[in-house]
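When reading the values below, keep in mind they use all heavy atoms of this one structure, side chains included, and skip hydrogens, waters and symmetry mates. Naming: A, B, ... by sequence-line order, numbering from 1 per chain.
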Number of protein chains: 2
Amino acid sequence: MKKPLSPSLLLDEQLCFALYAASRRMTAVYRPLLEALDLTYPQYLVMLVLWERDGVTVRELGERLQLDSGTLTPLLKRLEQAGLLGRRRRQSDEREVEITLTDAGHTLRVRAAEVPRCLAEKLCMSVDAFTRLRDELKNLATQLASPTDPTPIDPGE
Amino acid sequence: MKKPLSPSLLLDEQLCFALYAASRRMTAVYRPLLEALDLTYPQYLVMLVLWERDGVTVRELGERLQLDSGTLTPLLKRLEQAGLLGRRRRQSDEREVEITLTDAGHTLRVRAAEVPRCLAEKLCMSVDAFTRLRDELKNLATQLASPTDPTPIDPGE
DNA sequence: GAAAATTATATTGTGCACAATTAAATTTGA
DNA sequence: TCAAATTTAATTGTGCACAATATAATTTTC
């Protein structure tokens, strides 16, 4: 009598829906905070990367955030229009587009520092619980990204 | 010396990004499985609700999935075009649109039953770990949905 | 019982996500 | 060296999400 791992089609038993719903709730909580900075949530993520290291390429941004150019190109153009960053082809390799923060882009970081504080308040979690859940989600993403890992047989192409 | 709860702006320390990335990875894993059923992931969620209880209104679907009519109306029209469901105004209250599965919609459930099995394989998690993570995410969503819970002062409107 | 308020859905517009294709620059290799 | 393969962005098209607005049906209140 071994109970199989979630063979259910009941919505409330799905891990995927709990994840999907929590993720949308999370961005909904960020929305009013980021609105004050004139940023959307994905734009905020791009800014986080750039505040860590300026002058990265679109490809590097994409690797970090797991987003492709179809998403990033228009998003970066909007941030450029907003005056937060500049985009230009690299001299060394004209295929690459380098993203650099403007002064306004750098300055925004100060106001953005409030955002994680507001969220910490909202979360009401211990540092331990926060770290544990975050790392569990990272592990989950890693497991989900594994090529064909648990598939019994797959000769591939 | 009390360390504050995640006052960091580093991408890899954010719970929100771990959540966002894991959620997108999850739907990416579902995508090829659902493609075989000609469903997108949000369409699959709608079908899960309808397989549990047929004849619900758009409003009830929205409450269950936390999606509004701006998302559901076109999605439901696509499922109607695909022949999986029908939409008609309720006699008792013409404001409401009742969604009912067609025979094809009911039949699809059989093939969909394979989906959670494929995912369980991919996840490689114990039932306990699965359940615990799912319920932690539900709790997180609940906490994030709480109106103004941890805000010190807010006289409101 | 009619005006006002509420409720339910649809519509419009913006901004992601992501697949598929295109185009240009660079690298590789016969 | 030069043609083929690879790499990087951009473009195009579809389908969510969600805010804001519109519209129509129903309920409430006087």
Asks: So which of residues 51-58 of chain A are in contact with DNA chain C, with a heavy-atom cut-off of under 4.0 Å?
Replies: none
Asks: Roughly how bent is the helix from dG1(C)-dC30(D) to dA30(C)-dT1(D) end to end, in steps of 10 degrees, with each end axis from five pairs?
Replies: 10°
Asks: Mark yes or no for whether Asp128(A), through its side chain, and Thr131(A), through its backbone, hold a donor-acceptor pair below 3.5 Å.
Replies: no
Asks: Which protein N or O atoms sit under 3.5 Å from an N or O of nucleotides 24-29 of chain D?
Replies:
| residue | atom | partner | partner atom | Å |
| --- | --- | --- | --- | --- |
| dT26(D) | OP1 | Glu94(B) | N | 3.1 |

Asks: What is the minimum heavy-atom distance between Ser69(B) and Pro74(B), and which atoms define it?
Replies: O-CD, 3.8 Å
Asks: Could you tell me which residues satisfy side-chain contact (heavy atoms from CB on, under 4.5 Å) with Ala104(B), sequence neighbours excluded, listed by chain and number?
Replies: Leu84(B), Thr102(B)
Asks: Could you state the CD-C1' distance from Glu96(B) to dT7(C), rounded to the nearest angstrom?
Replies: 9 Å
Asks: Who pairs with Arg95(B) by salt bridge (Lys or Arg N to Asp or Glu O under 4.0 Å), at least two apart in sequence or on another chain?
Replies: Asp93(B)
Asks: Could you pull out all residues at least two apart from Tyr20(A) that satisfy ring-ring contact (aromatic ring centres under 6.0 Å, His included)?
Replies: Tyr41(B)
Asks: Would you please confirm or rule out a distance under 4.0 Å between OP1 or OP2 of dA24(C) and any side-chain N or O of Arg89(A)?
Replies: no
Asks: Going by the rule side-chain contact (heavy atoms from CB on, under 4.5 Å), which residues pair with Asn139(B) if we only count those two or more places apart in sequence or in a different chain?
Replies: none
Asks: With sequence neighbours excluded, what pairs up with Arg87(A) under the salt bridge (Lys or Arg N to Asp or Glu O under 4.0 Å) test?
Replies: Glu80(A)
Asks: List the residues meeting side chain to side chain donor-acceptor pair (under 3.5 Å) with Arg64(B), not counting sequence neighbours, and say none if there are none.
Replies: Asp12(A), Glu52(B)
Asks: Mind jotting down which residue pairs meet the side-chain hydrogen bond (donor to acceptor under 3.5 Å, both in side chains) criterion with at least one end in residues 28-37 of chain B? Sequence neighbours excluded, please.
Replies: none
Asks: Could you encode protein contacts along nucleotides 11-21 of chain C as a string, one character per nucleotide from 5' to 3', using B for base contact, S for sugar-phosphate-only contact and - for no contact, with a heavy-atom cut-off of under 4.0 Å?
Replies: B---SSBBB--
Asks: Any chance the side chains of Glu96(B) and Thr57(B) put a donor and an acceptor closer than 3.5 Å?
Replies: no
Asks: Any idea which heavy atoms bring Leu144(A) and Lys122(B) closest together, and the distance?
Replies: O-CE, 3.3 Å
Asks: Provide, to the nearest angstrom, the distance between the CZ atom belonging to Arg59(A) and the P atom belonging to dT6(D).
Replies: 17 Å
Asks: Report the distance from atom CG of Leu76(A) to atom P of dA10(D), rounded to the nearest whole Å.
Replies: 8 Å
Asks: Can you name the side-chain contact (heavy atoms from CB on, under 4.5 Å) partners of Thr100(A), sequence neighbours left out?
Replies: Asp54(A), Arg88(A), Glu98(A)
Asks: In whole angstroms, how far is the P atom of dT9(C) from the CG atom of Leu72(B)?
Replies: 9 Å
Asks: With distance as the sole test, does Arg89(A) use its side chain to make a donor-acceptor pair with the main-chain N or O of Glu94(A) at under 3.5 Å?
Replies: yes
